[in-house]
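Below is one structure, written out as C-alpha cells; the observations come after it.
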Amino acid sequence: MAFPREIYQALEDIVGKRNISENIGICETYRSIPSQSSAHYGPSEHWTPLPQAVVLPGSTEEVQNVIRICNKYGIEFKASTTFWATMGYIGSDFAIQIDTRRMKSVKIDAKNMCAVVEPFAIAATVQAEVMKYGLNINIPGVGCSSSTLANFSSWIAFGPNSISMGQGSENVLGMEWVLPNGEVLRTGSLGAGEGWFCGEGPGPSLRGILRGIFGAAGSLGVCTKMAVRLHPWPGPADFPTYGTVPAYKADFGPNFKCYTLCFPTWEAWARSVQYFHESDVAYSGHRQFNMFGRNLKGAMLNIITDADKQLSDLEELVNDPYIQKENEKMKLDYQVIIAGFSERDMEYKEKAIDYILEQTGGWKSEMMLEKDKHDYALLYLTRLGHKNLNFVMCGAYEGTFGLSSNVWKTIQVVEEAVALKRKWEVEHDSIAATGGDSAMGSLSGIGGGGATGWEFFTNFDAYDKNSVHGTAKFVDGNQEFHNKYSFGPDFCRWNSDVRHMNGYNYTQEEHNQMFANAPQPWVYAYQYKIREAINPKNLCGTYFRTVDPKCLEK
Amino acid sequence: MALQDYRAMMERCSTCAGCKFIPFDKIKSLRFAENCPSIGYYNFMTYSARGRFQLSQSLLDGRAQLDDTVTEAIHTCTSCGYCDVGCKVTRYNLEPLEHNIELKAYAVENGKVLEGQKPVIENLKKEHSMIPGAKKANRTDWAKELNLKDLFKDKAEVAFFAGCKYSYDPKLQKMAQSAVKLLQSAGVDLGYLGAADNCCAGRAHQMGFFNEFKERAEANIKAFETAGVKIIVTPCSDCYHAFKRQYAKLGLNIKVLHVVEYVDQLIQEGKIKFTKEVPLTVTYHDPCHLGRLGEDYVPWDGKEKKIYNQIQIWEPRRPRYNGAYGIYDAPRNILKAIPGIKLVEMERIREYSWCCGAGAGCNESNPEFSAWTASERITEANATGADALVTACPWCKDNFVNAVDENGNKIEVLDIIELVRQAI
Ligand SMILES: Cc1cc2nc3c(=O)[nH]c(=O)nc-3n(C[C@H](O)[C@H](O)[C@H](O)COP(=O)(O)OP(=O)(O)OC[C@H]3O[C@@H](n4cnc5c(N)ncnc54)[C@H](O)[C@@H]3O)c2cc1C
Ligand code: SF4
Ligand code: SF4
C-alpha cells in the first residue's frame, strides 16, 4: 500500500527531512532476515515486511508526535535500537519503523546509584561511563552491543551478572514511556516529580504492566528514558586491555579472578550451583564457552584467545592431545568471576570456592588459568563484548531446548537433550556437529540465584537452505521432548505465537483461538484489558499475547 | 569477484553492530564509542556495513533500485575499513570492506556515480591525477630544486613517490620536499620517476572505479619495473596502501615503505639524530590506509569448505586482514624519539582509529559529510589536551586543517615529517 503524501509530510515535519526516509533501498535495510536467527522463531527464510518509512526521532516530544500521527492514521509502529533481534521489526505492511539511534544519552546519579539512559545507549557505553564512578550495570547475555533500555524495558535481560545483579525487571527504576495512544507516562518516583531513583513510587508503579518478567517486546509504546540500577564495581575505572585484535584481554588486578569450574557428574555440578545460589560469592556466573559444544570448546578457546588463529585451525586443535585432555576435564563446567571488595573479602571468596569444590569433588580448569585464557575470559564475561562469537562457526544459530528451570530439574533431563541433539548431528548434516551438549547460559537467570537460564546452541548456515530446513526439522522434533516434560515450547519457538513464520503479525482472531485454550487463559485476557487501555488501536504488533475476554466468558 | 559472489557473506551477516562501534572491549566513553563515519553522519542503518550487505541483497533481487538516494548511500563510505576490523573481532568469514567497494563498483558499472566524483575521475583519465584541475605538465614542479635522480636516466635504490596531494597542493609541497631532504641527509640514494610519475589511482579503487584504477596501476607497475626500482618510499598513506595491497595483487613485487617506517629505521640505525627540543604535547592520528589497511598483501587462492557438517573454513587458510599488523608503532617511535615531545593518545587509535573523512574521494563528492567526519576527530584530539594533532598522510592533514571541533575550536595540525625536521 502506498503511503499517502499527507502522512509522510506530517512525519517529515516532526523529525525533519534528514531523519525520515521512504526510499525502498533504505527501508529494505530495516527488514529482519534469516541470519538474525536467535529470534525464537526457529530457522526460517522469511524477511519481515518492508516498512512504509523509517523515522529517526531525536527527543521524547518527537516520539510523541510521531505516535500521534500513527494514531490518527492507524499506522503500526515499532521502536528498535540495534536491530539485533527480530522482535524489534514491524509485522505488517502499513507500518513505520522507529529507529531510536539519535537518542543515546547517559546521565549518572552516582549518589543514588542509578543512571538515566536513552534507547540507543548500548550497554558497553553505559558500563564505560558508570565504571568511572566505581559502579557497574547488569549486561544481559545478549552482550554489550545491545541497548540497556531495550533489554530492561522489553525483554528478560538475564546474563552472567544476574546472579549478583538480577535480571531486567530487577534493575528498572523510574521510566518515561510514550504510550501507543500518544500520552507520556512517567512511572515510579519520576511520576511524583521526585526523580528517577525508585521504580515503585511514590508515583504510579507500572513496572509489572509495562514489562512484567518477560517484557512486551516493543508492543506497548516507546520507552524514551529509563533509570537503571547501578551496582558496586571494585575494578578499574576503565579496562586495562592488552593483546592483539581480536584476542583482547585484560588484567583487572588481584581482586578479580575468573575460574572455569568443572565437575565429575551433573549432580555435583548442580550442588555446586546451589552453593553459589546460597552464598552470594559469585559476581558473575555463566556456562559460556560450552556454546561451542562439548567436543569443540577447548579448541575454540585456543582459537579465540590467539590473534593468529582462525577456524581453519580448528580440526588440528581438536586433535591436539593436550587440548583433548583439557577439553575432557571441562566437560561439565561453568565460569564464575569473583570480585573482592577488600583483601579479606577476596580471601573469603577464594576459600568459599575451594570449599564448594571440596564438597562436590570439582576442580578448576588449568587451561583456563593460563594467563591469556584467564584474562580473555575475565574481560569477555565482564564486558560481554564478543557476543557475536555466537555466530562465528556457521553464521547463524538458534538456541534450542531451553531448560530454564530449577537446576535440580534441569540436570535430570539434560543428558537426554544432549543425546537427542547428538543423534541429529551424527545422522544429518544440517547443524554443526559440536558434541551434543552445547548448553550455555546463566548460573542464575534471577537475582541471588534459583533458576538456570539455558539454551543449546544449534549452529546452522543461513546461506545454505538445506541447513535452514534441516535445522527447522530438528527443532520440530525436539518439541516432543518438551511436551513429555511439560516444558512448553522449545526455546527457539518462544516467539512463534507472536509472529507468523512469514514475518507478519497474528490477527486478534488467531490469538483468541490460540490463547483461549492456553493454560491460565485469564492472564491473556488481563493483558487484553491493558492493551485496550493504553493501545486501543493495537498499533505495535502482536508480541503482547492477548485474548478477548469475551472468548472466555462463553 | 562480482557483487553476486558476496551473497554468502550478505546472508551470514548477523546484524551484531560490531561494524558501528569501536571494539566493545576498548570503549572508554559514550562520546567516542562509535566508529563508521558513514552511519555516524547519515544515521540510517543502510550506511553501515551491515546495511550495505542487506542493500546488496535487495538490489540483486530486484527490490531496491539504483536510484539517486541509493547511489548516494553506496558512495558515501570513506572505505576507511573500520567496519572490517570491528566485524572480524568475532567473525572469520565476512569481508565487509571488500564488499562495500564491490557495491560501489556495481553502481559505477551501472553508470551510477556522484556529481562530485566525475571531475576527479575525468582528471585521472586525462591528466593522470585525482586532483581536479591538476595538470600533468606541472606534476613534478615540487621536485625541481631537489636534486632528485630521474630513475629513467640515472640509477638509485629507492624511488620517492610523493603522490598527487603532495605534488600539487602548494601548502603541502614543502612537506614532500622536507621528506626528500631528510632522507637525502641520512644518506639514502633517492630518485623518482620523473616524467613517468603519475597518480597511483588507489583512491579510484576505493571509490569503485576498478577499470580506471587498473589502467593506471598496470602502467605504474611497468614504470617501476622498467626503472629498476628496489624500494618505493612514499609519504602518502593512500599511495602506500595502493602499492602495498592493491598493486601487489596485480603483481607488483617491489618493497614498499611509508616514509615513517623508513625514518624510524634510520633513527634506530643512528642515521638521523635529533639535536633540538620540540616542547609540544601532541596526539597522533593513525591514517586508515597506513594503519589498519597497511598490512602486507599475502597471495591466496582457495575456497570455502565445511567441517563438522556446517562450520565454514577456508582451504587453504586464508590471510586475515583485520588491522592487527598495520603500521602503528613506527610513527609513535618517531614521536617518542623527538626530545621534548609528549605523546598523549586519543580514545580511538590504531586498528580502531576514526577516519579523517577524506577517504575514497568523499572530500570531493560529499564535502559536508567529510567535514563532519574531520570535526569528530578534532573534537577527540582536543579532548586529550594536546597542542597539536600529528598525522602521516596529506589527505588527513588537509581535511583536518580546515576543520573545527564541536565547540568551534581548531587545533594545530602537523605532518610528522615537519616535527622531525624541526628537531634536527
Ligand atoms: C544473539 C542474541 C543473544 C541473546 N541472548 C540473550 C540473553 O542471554 N539474555 C537475554 O535476556 N536476552 C537475550 N537475547 C534477547 C535480547 O536481550 C533482546 O533481543 C535485546 O533486547 C536485544 O537488544 P537490542 O539492543 O538489540 O534491542 P532491539 O532489538 O532494538 O529491541 C529489542 C526489543 O525491545 C523493543 N524496544 C526497543 N527499543 C524500545 C523502546 N525505546 N521502547 C520500547 N520498546 C523498545 C523492540 O521493539 C524489541 O522488541 C538475545 C538476543 C540475541 C539476538
Ligand atoms: S569503510 Fe568506513 S565509512 Fe565505509 S562502511 Fe566501513 S566503517 Fe563505514
Ligand atoms: S560487524 Fe559484521 S556481522 Fe556484525 S553487523 Fe556488521 S557486517 Fe554484520
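Below, chain A is the first sequence line, B the second, and so on; all start at residue 1.
Taking A/Gln127, A/Lys132, A/Glu129 one by one and counting their heavy-atom pairs under 4.5 Å with chain B, the maximum is reached by A/Glu129. Chosen from A/Arg31, A/Gln310, A/Arg102, the residue pairing most often with chain B at heavy-atom distances under 4.5 Å is A/Gln310. The choice from A/Ile26, A/Val142, A/Thr244 that makes the most heavy-atom pairs within less than 4.5 Å of chain B is A/Ile26. Top candidate by heavy-atom pairs under 4.5 Å with chain B, chosen from A/Leu50, A/Asp464, A/Asp429, A/Asn390, is A/Asp429. The greatest number of non-hydrogen atom pairs below 4.5 Å with chain B, out of A/Leu296, A/Val106, A/Asn459, A/Thr434, is found for A/Leu296. Ranked by non-hydrogen atom pairs under 4.5 Å with chain B, the options A/Asn388, A/Thr125, A/Val392 are led by A/Asn388. No other option in B/Gly323, B/Ala73, B/Ser58 has as many heavy-atom pairs under 4.5 Å with chain A as B/Ser58. Contact count versus chain A (heavy atoms, under 4.5 Å) is highest, among B/Arg318, B/Lys88, B/Lys305, B/Lys20, for B/Arg318.
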Checklist entry - Given B/Phe24 and A/Ile122, is the side-chain contact (heavy atoms from CB on, under 4.5 Å) satisfied, shown in steps? => result CA-CA 10 Å; B/Phe24 299 110; A/Ile122 62 160; 3.7 Å; yes

Checklist entry - Should A/Asn23 and B/Asp67 be marked as a side-chain hydrogen bond (donor to acceptor under 3.5 Å, both in side chains) after you check the CA-CA gap, both sets of side-chain angles, and the distance that decides it? => result CA-CA 9 Å; A/Asn23 177 278; B/Asp67 55 32; 2.8 Å; yes

Checklist entry - Taking it one step at a time, do A/Val245 and B/Tyr352 satisfy side-chain contact (heavy atoms from CB on, under 4.5 Å)? => result CA-CA 10 Å; A/Val245 60; B/Tyr352 52 98; over 6 Å; no

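Annotation: side chain of B/Phe44 is not in contact with side chain of A/Asp99 (no heavy-atom distance under 4.5 Å). Counting heavy atoms from C-beta outward, A/Leu314 and B/Ile313 have side chains that stay 4.5 Å or more apart. Counting only heavy atoms from C-beta outward, the side chains of B/Phe21 and A/Ser145 never approach each other to under 4.5 Å. Considering only heavy atoms from C-beta on, A/Ile303 comes within 4.5 Å of B/Tyr92 through its side chain. In this structure, the side chains of B/Asn322 and A/Pro246 come closer than 4.5 Å at one or more pairs of heavy atoms.
Heavy atoms of A/Leu56 lying under 4.5 Å from chain B belong exclusively to its side chain. For B/Arg50, the part lying near chain A is the side chain, with the backbone staying farther off; criterion is any non-hydrogen pair under 4.5 Å. With a 4.5 Å cut-off on non-hydrogen atoms, B/Glu315 does not touch chain A at all. Heavy-atom distances place both the backbone and the side chain of A/Ile304 under 4.5 Å from chain B. When heavy atoms are compared at a cutoff of 4.5 Å, A/Asp461 approaches chain B by way of both its backbone and its side chain. Interface residue B/Ile39: backbone and side-chain heavy atoms are both found under 4.5 Å from chain A. Residue A/Ser105 touches chain B through its backbone alone, counting heavy-atom pairs closer than 4.5 Å. At a 4.5 Å heavy-atom cutoff, A/Thr382 makes no contact with chain B through either its backbone or its side chain. Residue contact with chain A, scored on non-hydrogen atoms closer than 4.5 Å, involves the backbone and the side chain of B/Lys28 alike. For B/Met9, no part lies near chain A; criterion is any non-hydrogen pair under 4.5 Å. Looking at B/Phe53, there are no atoms closer than 4.5 Å to chain A (heavy atoms on both sides), in backbone or side chain.
Atoms CE and CG, on A/Met393 and B/Asn93 in that order, are 12.0 Å from each other to the nearest 0.5 Å. Atoms CH2 and OG, from B/Trp314 and A/Ser312 in turn, are 9.0 Å apart once rounded to the nearest 0.5 Å. Taken from CG in B/Leu59 to CD1 in A/Ile24, the straight-line distance is 11.0 Å, to the nearest 0.5 Å. Atom SG of B/Cys16 sits about 12.5 Å away from atom NZ of A/Lys387, to the nearest 0.5 Å. Considering CZ of B/Arg12 and CZ of A/Phe391, their distance stands at 13.5 Å, rounded to 0.5 Å. To the nearest 0.5 Å, the span separating SG on B/Cys13 from CD1 on A/Ile33 amounts to 6.5 Å.
Looking at A/Asp308 and B/Arg320, no side-chain N of the basic residue comes within less than 4.0 Å of a carboxylate O on the acidic one, giving no salt bridge. One finds no salt bridge joining A/Lys249 and B/Asp25 here, because no Lys/Arg side-chain nitrogen approaches an Asp/Glu carboxylate oxygen to under 4.0 Å. Between A/Glu316 and B/Arg317 no salt bridge is recorded (no basic side-chain N to carboxylate O distance below 4.0 Å). With respect to B/Glu34 and A/Lys104, a salt bridge is recorded, a charged nitrogen being found less than 4.0 Å from a carboxylate O. B/Glu11 has a carboxylate O that lies under 4.0 Å from a charged side-chain N of A/Lys465, or vice versa, which qualifies the two as a salt bridge.
Listed for the A/Trp84 side chain is a donor-acceptor partner under 3.5 Å among the backbone atoms of B/Ser14. Side-chain N or O atoms of B/Gln312 include one that pairs as donor or acceptor with a backbone N or O of A/Cys394 at under 3.5 Å. The closest donor-acceptor contact from the side chain of A/Glu315 to the backbone of B/Ile307 lies at 3.5 Å or more, if one exists at all. With A/Thr29 contributing its side chain and B/Met45 its backbone, the two residues share no donor-acceptor pair below 3.5 Å. A donor-acceptor contact shorter than 3.5 Å links the side chain of B/Asn309 to the backbone of A/Glu425. Remark: the backbone N or O of B/Arg63 is not paired with any side-chain donor or acceptor of A/Glu28 at under 3.5 angstrom. Not a single donor-acceptor pair under 3.5 Å links the side chain of B/Gln310 to the backbone N or O of A/Ser467.
Counting heavy-atom neighbours within 6.0 Å of B/Glu368 CD, excluding the residue itself, gives a total of 12 or less. Counted within 6.0 Å of OH on A/Tyr133, heavy atoms from surrounding residues, nucleotides or ligands total 12 or fewer; the atom is thus considered open.
For the pair A/Arg18 and B/Tyr41, the cation sits on the ring face: its NZ or CZ lies under 6.0 Å from the ring centre, inside 45° of the axis. For the pair B/Lys26 and A/Tyr248, the cation sits on the ring face: its NZ or CZ lies under 6.0 Å from the ring centre, inside 45° of the axis.
Nearest heavy atom pair, residue A/Gly25 against residue B/Ala64, reads CA-CB, 3.7 Å.
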